[in-house]
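Below is one structure; the comments refer to it alone.
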There are 2 protein chains.
Amino acid sequence: MAKQSVVKMKKPCCDDTGPCRLPADRSAEQMAALAWAIAHPARVRIVRLLISRNTCVCGEIVDEMPLAQSTVSQHLKILKESGLVQGEVDGPKVCYCINPEKLAMLKALVASL
Amino acid sequence: MAKQSVVKMKKPCCDDTGPCRLPADRSAEQMAALAWAIAHPARVRIVRLLISRNTCVCGEIVDEMPLAQSTVSQHLKILKESGLVQGEVDGPKVCYCINPEKLAMLKALVASL
DNA sequence: ATTGCATATCGTCGATGTACGATATGTAAA
DNA sequence: TTTACATATCGTACATCGACGATATGCAAT
């Protein structure tokens, strides 16, 4: 997905001809953004890993993944940007953990489909 | 997401050194593929539209979206490839509807996180 | 057969994703 | 301060997305 794709609006969202569709669109964007975070097998595995070990891990993730360290770091960045994952420096290492609120939000949004 | 990205496996999945991680990976790919289907606001809106009108719609989708007909068709193609949406020709028109099984699978996979 | 409408596909463009190696940054220990 | 390690960022390359207009396809009515 284009994270900040500029969607050209041929129809205004809030006009005189119909009901305001903005809330639905915001929800759709929110949902799409969270879905996008787990729209890659590597990121699904990372999320599962972080959930299974409530003890936040860091470079162990790299060891679990068949990807280069830099690539894993990129995926972690995407997960952080989505809010699903939080990182906190702990000495020379960085501990990652799940953001339970965002995870709950993702679950709720999908469940409400 | 790269739909058919070839992930170079630096570690074999099923070897003598550890437990087979294939099922988890298949599940991760399945989940990522379904998440990818709704990882765009336009596709979220289409899915919601199809759910709200159990009566399968077709070109009405285009009227509801601020996108060109060809673009909507592309999104529908992606949704069809994911299995979340099914299309069936009805005369000159095409009726789309949700695949309840796939939707349930998506919900279950996300809920099982 | 031809016309007309609905939908899909094609071709193109710019933007982004995903992967890697190489390098920079930052922290703790020596 | 220097060294060593962990992580992030950079630069690059290739593939794909997402958007559009234009065109092709398919079906039904004339």
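Residue numbering restarts at 1 for every chain, and letters A, B, ... go by the order of the sequence lines.
Screening A/R48, A/R53, A/R45 for a salt bridge (Lys or Arg N to Asp or Glu O under 4.0 Å) involving A/E64 leaves a single residue, A/R53.
A/L50 approaches A/V85 most closely through the heavy-atom pair CD1-CG2, 3.6 Å. What you find for B/G87 and B/K80 is that their closest heavy atoms are N-CD, 4.2 Å.
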*Kindly indicate, with the supporting measurements, whether the criterion side-chain contact (heavy atoms from CB on, under 4.5 Å) is fulfilled by B/V72 and B/L76.*
CA-CA 6 Å; B/V72 173; B/L76 283 169; 4.1 Å; yes
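Rounded to whole angstrom, the span from the CD atom of A/E88 across to the C1' atom of D/dA8 amounts to 17 Å. As rounded to whole Å, 13 Å separates atom P of D/dT16 from atom NZ of B/K77. Rounded to an integer number of Å, the gap from CD of A/E29 to P of D/dG18 is 14 Å. Between A/M65 atom CE and C/dC20 atom C1' there is a gap of 15 Å when expressed in whole angstrom units. Between the P atom of C/dT18 and the CD atom of A/E81 lies a distance of 12 Å, rounded to the nearest Å. Between A/L79 atom CG and C/dT18 atom C1' there is a gap of 14 Å when expressed in whole angstrom units. What separates CD1 of B/I38 from P of D/dG18 is a distance of 13 Å, to the nearest Å. Rounded to whole Å, the distance from CD on B/Q74 to C1' on C/dT9 is 9 Å.
Nearer the 5' end of DNA chain C, as judged by each residue's closest nucleotide, is the contact made by B/V94, out of B/V94 and A/H75.
Side chain of A/I78, nearest nucleotide from C/dT18, C/dA8, C/dC20: C/dT18. Picking from D/dC20, C/dT18, C/dT7 the nucleotide with the shortest atom distance to the side chain of B/T71 gives D/dC20. If you check C/dT7, C/dA8, C/dC20 against the side chain of B/K93, the one that comes closest is C/dT7. Listed nucleotides: C/dG17, C/dA8, D/dG21. Nearest to the side chain of B/L76: C/dA8.
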_Strictly under 4.0 angstrom, non-hydrogen atoms only: write out the protein contact profile of nucleotides 22-30 of chain D, one letter per nucleotide from the 5' end, B, S or -._
B----SS--
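A donor atom on one side chain and an acceptor atom on the other are not found under 3.5 Å apart for A/S82 and A/R43.
For the pair B/K77/B/S73, no side-chain contact is recorded, criterion being any heavy-atom separation below 4.5 Å from C-beta on.
A sub-4.0 Å separation between OP1 or OP2 of C/dA19 and a side-chain N or O of A/H40 is present.
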Report, one line per pair, each donor and acceptor closer than 3.5 Å where one atom sits in a side chain of residues 89-113 of chain A; sequence neighbours left out.
| from | atom 1 | to | atom 2 | distance (Å) |
| --- | --- | --- | --- | --- |
| A/N99 | OD1 | A/E101 | N | 3.1 |
| A/N99 | ND2 | A/G83 | O | 3.2 |
| A/S112 | OG | A/A108 | O | 3.4 |
| A/S112 | OG | A/L109 | O | 2.8 |

